[in-house]
**Q** 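My structure is below; once you've seen it, I'll send some questions.
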Amino acid sequence: MAVLALALVSWMFVPPRTAPAPTQASIPHQTTHLGVPDITTTPTWADPIKVASPDNTDMFHISATPSIDIALFAWSNSDDTTHYIGPLVAVNLKTQTVVWTKDLGSYLFHTNTQDLIITSGDTIMSVDPTTGTTMSQATLPADAPVIADAPGIVVTRQDDRMCARSVAHLDGCLWIAADSGYGMIFGDSHWIDTGDGVLDLHTGKPAPFGADAGQGRTFYSGPRPSEVFRMTRDTEGNDTLQRWDTAADKGIGDPMAYKGFLDSLGINAFAVRREVNDSMDSVQAYSWQTGEPLWQTADVSAAFTGGTDSAGLALIAPISSSTAGCLALDAGTGEHIWTDPACAYMLAGRRIAYAVAESAPHTPTTVEAHDAIASGFPTLWSVDVPRGRHRYRGRCRSPGRRQRR
């Protein structure tokens, strides 16, 4: 029995494993991710939860589910993390008990704010995360991976076509379109890029914009229907981003060169990363309304690439856990207000930003909470992460409800 000394309590956030990212430029994430809570008082860890780990695995994974109290435990071999191996275990973090187990062999799962989708071999199923009950199941054609999902919808790829399936009835296609190569859902799950242009995700009908999506290296993305980009890449690999008026189907402001999209900065601005040279980048903020530039930072290390926002701050973290260091920028001015060279990655709620330090990749040592509203980005609390036997991949949060260590 492996003692999971991470000792989770009634809430955690872990980015779920999803379909492979597009090979084109970095794009805004889907808006169906599970949220991050604001924990203002120092949390404590619960007692360890004991779960049997399968043989021949050395990487432990934790994922949140649409049910706030249920977490999923899975395992893989660190030499091959493309699939999970052995059982998928659901644990109630409030009662600290295993509520169901599925022996799936080799599998993947996908979670959003509403659904838990599992694929194993040629089988796809939607599962109730609280009971493990299979609510719908279907047999997929050969080589038909899940490439995107949103509440109520899952998109699979087969024979250069994209098939949108209802989570409640997985055995047929709601619509079929030419494959775009990535199938990104965007605009708060309203639209999807296909080889036939941008389509309404739920009906498959053409959107009022984006007929050129999927042609060459053009696609659309954005966090909300009112906040959409047109993104292109030329034959030399240079990426351009432009705000897009979806009603008039035309650009807002000038196209801008960028290296990666960081995140929306509230309702007024968004930020992108721009290359200065091989080792340095800058962060540039633009207006959502006009597409015009607002401010640009001094140069930062090219390792700082991951972005999010919290209470109007731009929070920037390294490209990987092998490169440490995080910083916070004032979203209104671009001013550096906080830097932590020991930080490996960050997560953010509406008010609280969390910085995690690691001693090695996938081996966090401390979680530190900052008040992103208060002046100076003050530290509210810091807790050590319990040590366990397993290497693992996951980002966990205790909810602040006090329990004994």
Side-chain angles (χ1 to χ4, degrees), residues 1-17 33-54 57-76 84 86-102 109 111 113 116 128-132 344-360 362-371 379-405:
M1 302 292 288
V3 177
L4 305 182
L6 295 174
L8 309 175
V9 280
S10 69
W11 191 94
M12 69 178 185
F13 170 87
V14 181
R17 180 177 294 200
H33 283 180
L34 304 169
V36 182
D38 288 322
I39 304 169
T40 58
T41 58
T42 306
T44 57
W45 298 101
D47 292 331
I49 300 171
K50 296 182 179 180
V51 180
S53 58
T57 61
D58 60 2
M59 185 73 79
F60 171 51
H61 308 260
I62 312 168
S63 285
T65 72
S67 174
I68 193 170
D69 293 325
I70 304 298
L72 298 178
F73 294 176
W75 289 263
S76 71
Y84 300 113
L88 177 63
V89 179
V91 173
N92 187 310
L93 300 176
K94 183 180 292 183
T95 63
Q96 298 185 57
T97 58
V98 173
V99 292
W100 55 263
T101 299
K102 286 188 178 294
F109 63 86
T111 62
T113 54
L116 168 59
D128 183 337
T130 62
T131 65
Y345 56 84
M346 300 189 74
L347 298 172
R350 293 180 181 276
R351 173 182 175 180
I352 306 302
Y354 305 95
V356 182
E358 291 185 340
S359 59
H362 313 308
T363 309
T365 54
T366 59
V367 179
E368 187 173 87
H370 295 266
D371 190 333
T379 300
L380 296 179
W381 52 261
S382 180
V383 296
D384 293 333
V385 175
R387 308 307 310 140
R389 298 179 188 175
H390 270 283
R391 296 177 62 199
Y392 70 95
R393 177 172 295 167
R395 301 175 183 180
C396 315
R397 290 288 179 268
S398 166
R401 184 182 63 185
R402 290 190 174 274
Q403 297 189 29
R404 63 188 179 89
R405 289 185 181 274

**Q** When you check the gap from the basic side-chain N to the acidic O, do Asp69 and Lys94 get nearer than 4.0 Å?
**A** yes
**Q** So Trp100 and Leu88, do their side chains get closer than 4.5 Å, heavy atoms only?
**A** yes
**Q** Give a yes or no answer on whether the side chain of Thr365 reaches the backbone of Ala357 with a donor-acceptor pair at less than 3.5 Å.
**A** yes
**Q** Measure the OG-CG distance between Ser67 and Asn92 for me, rounded to the nearest 0.5 Å.
**A** 7.5 Å
**Q** Are side-chain heavy atoms of Thr366 and Asp384 found at a separation under 4.5 Å?
**A** yes
**Q** If you compare all heavy atoms of Val385 against all heavy atoms of Pro364, which two are closest, and at what distance to 0.1 Å?
**A** CB-O, 3.7 Å
**Q** Looking at Gly132 and Lys102, what are the two nearest heavy atoms and their distance?
**A** O-NZ, 3.0 Å
**Q** Could you measure the distance from the OH atom of Tyr354 to the CG atom of Asp38? Nearest 0.5 Å is fine.
**A** 5.5 Å
**Q** With a 4.5 Å cut-off on side-chain heavy atoms, are Val91 and Ile70 touching?
**A** no
**Q** Any idea which heavy atoms bring Met346 and Ala353 closest together, and the distance?
**A** CE-CB, 4.3 Å
**Q** To check you understand the geometry: which heavy-atom pair defines the closest contact between Ala369 and Ile352, and what is its length?
**A** CB-CG2, 3.8 Å
**Q** What pair of heavy atoms forms the shortest contact from Ala71 to Leu93, and how long is it?
**A** CB-CD1, 3.9 Å
**Q** If you define the side chain from C-beta out and look only at heavy atoms, does anything of Thr130 sit under 4.5 Å from Val99?
**A** no
**Q** Between Trp75, Tyr84, Phe109, which is the residue that forms a ring-ring contact (aromatic ring centres under 6.0 Å, His included) with His61?
**A** Tyr84
**Q** Has the side chain of Trp381 got a donor or acceptor atom that lies under 3.5 Å from a matching backbone atom of Ile39?
**A** yes
**Q** Give the minimum heavy-atom separation between Leu116 and Thr111, together with the two atoms involved.
**A** CD1-CG2, 3.6 Å
**Q** Do the non-hydrogen side-chain atoms of Phe73 and Val98 ever get within less than 4.5 Å of each other?
**A** no
